2 protein chains.
Amino acid sequence: MAAPAEKHDVFKAIADPTRREVLRLLSENERPISEITSHFSMSRTAVTKHLQILAEAELISGRKEGREKIYQLHPEPLNEVKQWLSYYEKFWSNKLSILKNLVEEDGDS
Amino acid sequence: MAAPAEKHDVFKAIADPTRREVLRLLSENERPISEITSHFSMSRTAVTKHLQILAEAELISGRKEGREKIYQLHPEPLNEVKQWLSYYEKFWSNKLSILKNLVEEDGDS
DNA sequence: TAAACGCGAAACCAAATGGTTATATATTTT
DNA sequence: AAAATATATAACCATTTGGTTTCGCGTTTA
């Protein structure tokens, strides 16, 4: 079953600095929306929209807990970016990249 | 002298699939604009705009040669993405990532 | 039970994005 | 010199993006 035409791909998701900061925050801890919002100078509604985009890219997920919605990180989709990048690494590679590429052959599946 | 607030960062530059395809094309060969355009179903003007965004991110550069403008790839700025990604790799890492991270310690500078 | 909290959803807005067509200019080519 | 080629630039357009404010609703807490 191939990917069903994802609405927001991971490349677009990480293109925004606010969203990258959200990812960093969630890499430390899972957090409710209000807590995430407190780290930015924008409204909770705006932050929620960023969270939705990240969730559509499956980089985060949220669970409802009481009146809070707690989001956590799922970094796996970043692997697509990593794979894409690996193609270009050979172009600016230093001497170690041959070994690194060999190591990465294992990667997925 | 720090980076002078780049107008288009590399994350935004690679967010668009057309621009990623341009990078792939230029990874094979340097090419004039018309040649690049022939690979897409959009106007030369539209392609030129993508080229400008990639050039602002310093991922490509163009030189004028006769009446043609020939673009070539400069993949080095992708290193910023790689660095960013490396922080998250530890979260989904398989057993090999420890070795890989050690290897990459050398990386830049 | 009333007030405060956390969130969702809708309506709205300005600016950026990704595209178009038209026109002009410099360089070959015939 | 005239025609064709390759590009640049400007004006325009629709949609997306990133933000806002407002209102309503379930969940705690006083």
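Residue numbers begin at 1 in each chain, while the letters A, B, ... track the order of the sequences. Worth saying up front: this structure is predicted, and the values here are computed from it rather than measured.
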| query | Between B:Glu56 (CD) and C:dA16 (P), how many Å, whole number? | reply | 13 Å
| A:Ile33 side chain: which of C:dG19, C:dG8, D:dT7 is closest? | C:dG8
| query | The side chain of A:Thr45 lies closest to which of these nucleotides: D:dT21, C:dT17, D:dT9? | reply | D:dT21
| request: Let me know the distance between CD of A:Glu21 and P of D:dG18, rounded to the nearest Å. | output: 16 Å
| Between A:Lys69 and A:Glu65, does at least one N-O distance fall below 4.0 Å, as a salt bridge requires? | no
| remark: Judged by nearest nucleotide, the residue sitting upstream toward the 5' end of DNA chain C, B:Lys64 or B:Val47, is B:Val47
| Which whole-number value in Å describes the distance from A:Phe11 CZ to D:dT17 P? | 16 Å
| request: Return no unless some side-chain N or O of B:Arg44 is found under 4.0 Å from OP1 or OP2 of C:dT20. | output: no
| message | Tell me whether A:Glu68 is salt-bridged to A:Lys64, with the criterion being a basic N under 4.0 Å from an acidic carboxylate O. | response | no
| Within this structure, what is the CD1-to-P distance between B:Ile36 and D:dA8, rounded to whole angstrom? | 11 Å
| message | Can you see if the side chain of A:Lys49 gets near the phosphate of D:dT17 - specifically, an N or O under 4.0 Å from OP1 or OP2? | response | no
| said: Side-chain N or O of A:His50 versus OP1/OP2 of D:dG19: is the shortest distance under 4.0 Å? | reply: yes
| note | When rounded to whole Å, the CD to C1' distance for the pair B:Glu35 and D:dT5 reads 15 Å
| Distance in angstrom units between A:Glu65 CD and D:dT28 P, rounded | 10 Å
| message | Output the rounded distance in Å from NZ (B:Lys69) to P (D:dA8). | response | 5 Å
| note | Among D:dT17, C:dA4, D:dT20, the one nearest any side-chain atom of A:Ala46 is D:dT20
| message | Taking the minimum atom-to-atom distance to the side chain of B:Arg67, which one of C:dT27, D:dT7, C:dG18 wins? | response | C:dT27
| B:Ile70 with A:Phe91, same ILVMFWY side-chain cluster at under 4.5 Å | no
| task | Find the distance A:Arg19:CZ to D:dT16:C1' and express it as a whole number of Å. | result | 12 Å
| note | For B:Thr45, the side-chain contact (heavy atoms from CB on, under 4.5 Å) test, sequence neighbours excluded, returns B:Ser43
| query | Think A:Ser34 has a side-chain N or O under 4.0 angstrom from the OP1 or OP2 of C:dC7? | reply | yes
| request: Measure from NZ or CZ of A:Arg20 to the centre of the six-membered ring of B:Phe11 and say whether it is under 6.0 Å with the direction within 45° of the ring axis. | output: yes
| said: With a 4.0 Å cutoff (strictly under), does any side-chain N or O of A:Ser43 reach OP1 or OP2 of D:dT20? | reply: yes
